[in-house]
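Structure record follows, encoded as structure tokens.
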Amino acid sequence: MESFITFAIAALTAPLFPGIILKVKAFLAGKKGPPLFIKYFTVLKLLRKGSVYSTSTSFIFKLGPVVSFATALICLLFFPFADRAPIFSFHGDIIVIFYIMGIGRFFTVIAALDTGSPFEGMGAAREVFFSTLAEVTIFTTLILFYRLTGSLSFSEYFIGDNQICLLNASGALLLFVIVALFMVLLTENSRVPVDDPATHLELTMIHEVMILDHSGPDLALIELASFYKLFFYSAFITQIIYPFTHTSSAINGLIFYGILFGIYVSIGITESIMARCKMNLIPQFILTSFALVFFAAILTMGVLQ
Amino acid sequence: MINITESILVITLLSVLLSLGSTRLMALVQIMALQGIMVSLTPLFLRSHGSLGSGAIIFFQIMILIKGLLIPGLLYMAVKRVAIKREIEPFIGYHASILAGLAILIFSIFITNNLRLSLPEGHDMVLITAITTMAAGFFLMMARSKAITQIIGYLMLENGIYLIGTALTKHSHTLYVVEFGVLLDLLVGVMIMGIILHNIHNAFDDVDTTSPRRLKD
Amino acid sequence: MDTFLLSLIVLLAGGLFALLAFRQFNLMKAGYIALSIAGSIIGLSAIRAPLQQGITSTFSTTWLHIFSLSFSLDSLSAFFLIPIFTICPLATLYSFHYMDNTNKKSRVAANFFFLTLLTISMALVATADNIISFILVWEVMSLSSFFLVMHEYHKKDTRKAGYIYFIFTHVGAMFIFAAFSLAYSYTESFDFVSFATMPDNIKIIVFFLALVGFGSKAGIFPLHIWLPHAHPAAPSNVSAVMSGVMIKMGIYGIIRLYARLEATDLVYGEVILTLGIVSGILGVVYALGKHDLKKLLAYHSVENIGIILIGTGIGMIGIATDNMVMASFGFAGGLLHVLNHSIFKSLLFLGAGAVLQKTKIRHIDKLGGLIKSMPTTGKTFLIGSVSISGLPPFNGFVSEFLIYYGAFHGLSLGGSSFIFTIFAILSLAIIGGLAAACFSKVIGVVFLGEPRTKKAMNAPDPEFTMTLPMIILATACIVIGIFPQFFIMTAFQGLQSISTLHAVTTNEIITVADNLAFAARLLLVAFFLSLLLRKIFYLKKTVTSGPTWGCGFTQPSVKMQYTGTSYAMSIIDFFRPFVDIRTTYSGINRIFPGRTTYKTQVDDIAEKALMERIVSPILYLLAKLRWIQHGHIQLYIGYIIATIIVLLLFI
């Protein structure tokens, strides 16, 4: 039961955090910024509206948002929040989860291609390229985690006997993982320096350009899916940073959301102090994240075990 | 808790990877400063090195001073004064260099395992770092075209040699005398290079190592 | 065994019927298809016993009083017979309307006959139990498929493709002959069973010699060159069978030989794994670079053979290091991928055939928007694409998951095995991502958006005999994805023939299979709930339609759509050292530029290297021997006599 409650809290609070990023960015730019609950307002507004569909599109265009929403939700179902076991879990679920994310991406991409717009095609091409590279980083992380714990599921990683945590032994290696996962988070969730969610130039965008033609509740589903995805990655990093071993789950939960808040703030700071990469430097950016984790994985061969 | 020696070594390895992937000269010089400090800190934290006398403390301080401040500072000045173009201009691309760095790491782990030296506990990691640093130094010298990157590669090589010394010795700082001599040589080398680079630059407007090829008939 | 032989006889009767009755075109096709389907169903019922109860049945007869031809049907053979007996009848059913050229009745009949011959010979390859019978049926398989490739022999490209295929398949066969003769010289027995008695170093030589032969049939990377030539040249039902089933015979050969050798060295696994990684990654990269629909699919066969080999290699490393979880899941994943690939790849080839028949366009950048006019083809092709990309809840994911599972359990190994396992996992991840990229390209460019040319407009769905096989195959993709337990168990049962492998307990397999089934169903439930949610949100909402937003541009044309070439270019560019990209650009040189052209072409480095390093030197050498060929028949007779005399002197 508690697992369901933590899941519900996560699903409900996920849209809050992107608002925090906006606040941080506005603060650093010396502006007042939008209200904290801006994303809730956006979603509600979109849900009230109708839609305009392009005459070029087919049923696939309508499937895109649905699939990406469903897959993003499933990822949260398998994820342990703080010290609570996830709703579902089995040995090997991480592979399934990252592939489920893959199918969400596949349908987003073909929904974008369905419009026949050159911009959306361009965004789709970039999305598949960069996410393939990011997937390599993620699987290297999984390799490292298997080396450390011998397990293949989120609940075994974070609430099993052999916890993965920065503060345990071999925590030095996890420092790499955190940095690399943060880079993957920026890539997969279309943040600066890989992508700019706020730009007005379609040519420079990756993810945002793919959803140009979606409107109304469809767009709301896409937005929600992207909040969940961002929440998922941030929670992943949070779990690595701190072991939630306190006896009271309320305190664990508080610490969890505290660290999560910190991660979103750091995303905001990153976005404020960094410029967007040139498009041809992005593969290098992702490759660096891969190099970091691979490096850590190789070190497990040596002495650090 | 986090093991300090291992963290230092891991940061050293990381600096090696970063130096292979960095596109800007300034960033490269900064990474070298970090690497220098980390390398000279390593012996301080190795468990088997026991207690340190005052002489040793002074020795290691000088080490940090030279490796972490003096040489990078000189390099920094050279880059600034000569106004070398900021980009590194590789022969081997950055992607390939990063992957090559990882390959070097794998090989050095294999080499360390194959050597089967009777190292004190915790020292094989030092040896791995040392071999990687050395090989990456060679790689940097091969793969980049500027004169200043040659020097940086050489510096990295020296760091690696220093670490090998650290890994193989068990006792006091006096065993570092040879490395210290090498380091002084290197320091002089960097200074001379700075001056020469300045003059070459004045004469040719260019400090690319591919240019001297034109001297060949 | 008797039922199995009966099924082959019924199949053969179908082929002969086609040859005899070709004047009555429709009767011939219907009779042929009915007999093929009947034969295949009998065949499927024959393999149930060996697969489920592990009973091995044998059949042998003497030939020319010297040799004995012996065939045995064990669980591994039975597993490989599943795709043969399911895909081939579907391909014949498809050909009812696909092969509808009444002007060339005899040619169609010949095509049917050779297809039957191919089916029978493949079934016999999978059961052959000694050197003589194996080589005999292997040759029949190669030759019959050669005639199938040459179906449209009036085209120059087809003749060239057939020629390349012929050379590859026979050079490969030569290596297999060499391997088997070496084995015979040590064991002095034609039986495969005696292979295990050879010394270890000879085993390695035999295995790698045969690997060249089996690899050229399977399409392992440097030996894959015939695939992208032969598949586009052959009719689509034939390419479905060749790509879906025939190339798997190469895989069968590798696994069977490995099992018979009872080898446990690490080198087998490491080499197979490396070949798998190379074929997998480069196959998909080249597939991204190709824009002929069938050529692209052919390169995807190379990729999937790579995945199968990765699984097999993981299995072999597992056996060598005595890590049985790794070994069983690696092999099982590889085997299941054989079945899965035969399903979705033939589905995709049949879909490509439908597109080709209705639009007459091969180049994907000239197609577009077909899902509106060809809904059935489009939807089944979509299912095939998602399956081949290895995404849940479809079948491709099930087998890839098993391979991942095996590989992850190999990470606890030390030394070089650890490195190999890491690379196996990483390359699977890369292959998965790139395959998704490639098939989003195909779906997006061919079936979505707006038609780019007149011909691509209003192409109708094909007739029901063509859509029915596609629907059946697409359903199979979903069924295996959602109910994987039975199929995973079947794959494990197929492994019983590998004596060095001690499979994990049934409980562990069932747990994994149940988890996979659960995840797939959960995904479906979530999907339908989200669909329902969307429906609720759209209650009483105004929904209008308009043109795609052109970002302010008011004169969009279909030519402005993103092409497949541009879509793939940045990815291919990333792999540049391994891919040869040629760009021709006329440039813009006047103030008011005229027509400009920009063209890129992706060349296969293996093909180029083969031409430069092997073919050209050989041609140069042979040109020097030209004088032997002078055209006098009398002298040729002289050559023959001289050869015979010389041979008689030496023997």
Side-chain angles (χ1 to χ4, degrees), chain A residues 47 49-56 58 60 65-67 69-71 73-74 88 90-93 95-96 99-100 102-103 105-106 109-110 113-119 121-122 124-126 128-129 131-132 135-136 139-140 143 146-147 150 152 202 212-213 216-218 220-221 283 297 301, chain C residues 368-369 371-372 386 389-392 397 401 404-405 408 411-412 414 418 422 425-426 429-430 432-434 436-437 440 443-445 448-450 512 515-516 518-519 522-523 526-527 529-531 534 537-538 541-551 558 560-562 566-567 570-571 574:
Chain A
L47 285 180
K49 290 191 171 187
S51 281
V52 183
Y53 290 110
S54 159
T55 43
S56 308
S58 60
I60 294 207
V66 176
V67 176
F69 176 74
T71 53
L73 208 60
I74 287 182
F88 304 117
F90 57 82
H91 189 58
D93 63 6
I95 304 170
V96 178
Y99 266 76
I100 283 179
I103 194 167
R105 187 183 309 123
F106 187 88
V109 163
I110 59 173
L113 288 169
D114 201 10
T115 60
S117 152
F119 299 108
M122 201 179 285
R126 288 169 184 163
V128 290
F129 180 27
S131 59
T132 302
E135 204 157 271
V136 179
F139 273 89
T140 320
I143 289 172
Y146 187 86
R147 273 301 263 202
L152 275 177
E202 293 84 354
L212 275 179
D213 260 84
D218 274 347
L221 286 179
M301 266 184 88
Chain C
I371 205 164
K372 287 183 214 100
V386 181
S389 312
L391 295 172
F397 177 68
F401 180 85
Y404 269 123
Y405 195 87
F408 268 103
L411 285 176
S412 48
F418 173 61
I422 286 191
I425 294 172
L426 292 186
I430 297 174
L434 292 180
S440 59
I443 288 283
V445 175
L448 305 179
E450 294 285 336
V512 171
N515 288 338
L516 270 180
F518 167 72
L522 180 70
L523 183 61
F527 170 70
L529 282 182
S530 313
L531 211 58
R534 181 178 177 279
F537 285 145
Y538 272 102
K541 293 281 169 62
T542 44
V543 172
T544 50
S545 59
T548 298
W549 191 48
C551 301
V558 290
M560 286 177 60
Q561 292 181 85
Y562 220 54
S566 339
Y567 190 83
S570 54
I571 302 182
F574 185 77

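Protein chains get the first letters and strands the later ones, always in sequence-line order, with residue 1 at the start of each.
- If you measure heavy-atom distances from C/Leu434 to chain A, the contacts under 4.5 Å come from both the backbone and the side chain.
- Side-chain contact check for C/Lys541 versus A/Pro217: some heavy-atom pair is nearer than 4.5 Å.
- Each of A/Val66, A/Val67, A/Ile60 has some count of heavy-atom pairs under 4.5 Å with chain C, and the biggest count is that of A/Val66.
- Note that the OG atom of A/Ser58 and the NZ atom of C/Lys372 stand 6.0 Å from one another [nearest 0.5 Å].
- With a 4.5 angstrom heavy-atom cutoff, C/Ile371 touches chain A only via side-chain atoms.
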* Walk me through it: do A/Phe139 and C/Ile430 pass the test side-chain contact (heavy atoms from CB on, under 4.5 Å)? => CA-CA 10 Å; A/Phe139 273 89; C/Ile430 297 174; over 6 Å; no
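- The candidate from A/Val109, A/Val136, A/Val96, A/Thr140 with the greatest count of non-hydrogen atom pairs under 4.5 Å with chain C is A/Val96.
- Within the 3.5 Å criterion, the main-chain N or O of C/Thr548 finds no donor-acceptor partner in the side chain of A/Thr115.
- Residues C/Tyr404 and A/Leu152 are not in side-chain contact: their nearest non-hydrogen atoms beyond the backbone lie 4.5 Å or more apart.
- Residues A/Pro118 and C/Met560 approach most closely at CB-O, 3.1 Å, considering heavy atoms.
- Options A/Gly50, A/Ala70, A/Ser51 differ in how many heavy-atom pairs under 4.5 Å they form with chain C, and the most are formed by A/Ser51.
- Chain A forms more heavy-atom pairs under 4.5 Å with one residue of C/Phe518, C/Tyr405, C/Phe574, C/Phe408 than with any other, namely C/Phe408.
- By number of non-hydrogen pairs under 4.5 angstrom with chain A, the leading residue of C/Ala429, C/Gly444, C/Ala526, C/Ser545 is C/Ser545.
- Interface remark: of the candidates C/Pro547, C/Pro392, C/Gly432, C/Pro392 forms the most heavy-atom pairs closer than 4.5 Å to chain A.
- Only the side chain of A/Tyr146 comes within less than 4.5 Å of a heavy atom of chain C; its backbone N, CA, C and O stay farther away.
- Residues C/Tyr567 and A/Leu113 have side chains in contact (heavy-atom distance under 4.5 Å, counting atoms from C-beta outward).
- By number of non-hydrogen pairs under 4.5 angstrom with chain C, the leading residue of A/Ile74, A/Thr71, A/Asp93 is A/Ile74.
- Ranked by heavy-atom pairs under 4.5 Å with chain A, the list C/Ile422, C/Val558, C/Leu516, C/Val512 is led by C/Ile422.
- A distance of 10.5 Å separates CG of A/Asp218 from CZ of C/Phe537, quoted to the nearest 0.5 Å.
- A 4.5 Å side-chain heavy-atom check between C/Thr544 and A/Tyr53 finds every atom pair outside the cut-off.
- Under the 4.5 Å side-chain criterion, counting only non-hydrogen atoms from C-beta, C/Ser530 is not in contact with A/Leu221.
- With a threshold of 4.5 angstrom between heavy atoms, C/Leu531 approaches chain A through its backbone and through its side chain.
- Annotation: the span from C/Trp549 atom CH2 to A/Asp213 atom CG amounts to 9.0 Å, rounded to 0.5 Å.
- Atom CZ of residue A/Arg105 and atom CG of residue C/Leu391 lie 9.0 Å apart, to the nearest 0.5 angstrom.
- The distance from the CG atom of C/Leu529 to the CZ atom of A/Phe69 is 9.5 Å, given to the nearest 0.5 Å.
- C/Ser389 and A/Phe106 make their closest contact through OG-CE1, 4.0 Å (heavy atoms, listed as atom of the first residue, atom of the second, distance).
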* To do: Would you please test A/Tyr99 and C/Phe401 for ring-ring contact (aromatic ring centres under 6.0 Å, His included) and show each step?
  => CA-CA 10 Å; A/Tyr99 266 76; C/Phe401 180 85; 8.9 Å; no
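- A distance of 6.0 Å separates CD1 in C/Ile443 from CD1 in A/Ile110, rounded to the nearest 0.5 Å.
- For the pair A/Thr132 and C/Ile571, the minimum side-chain heavy-atom distance is 4.5 Å or more.
- Both the backbone and the side chain of A/Ala124 come within contact range of chain C, judged by heavy atoms closer than 4.5 Å.
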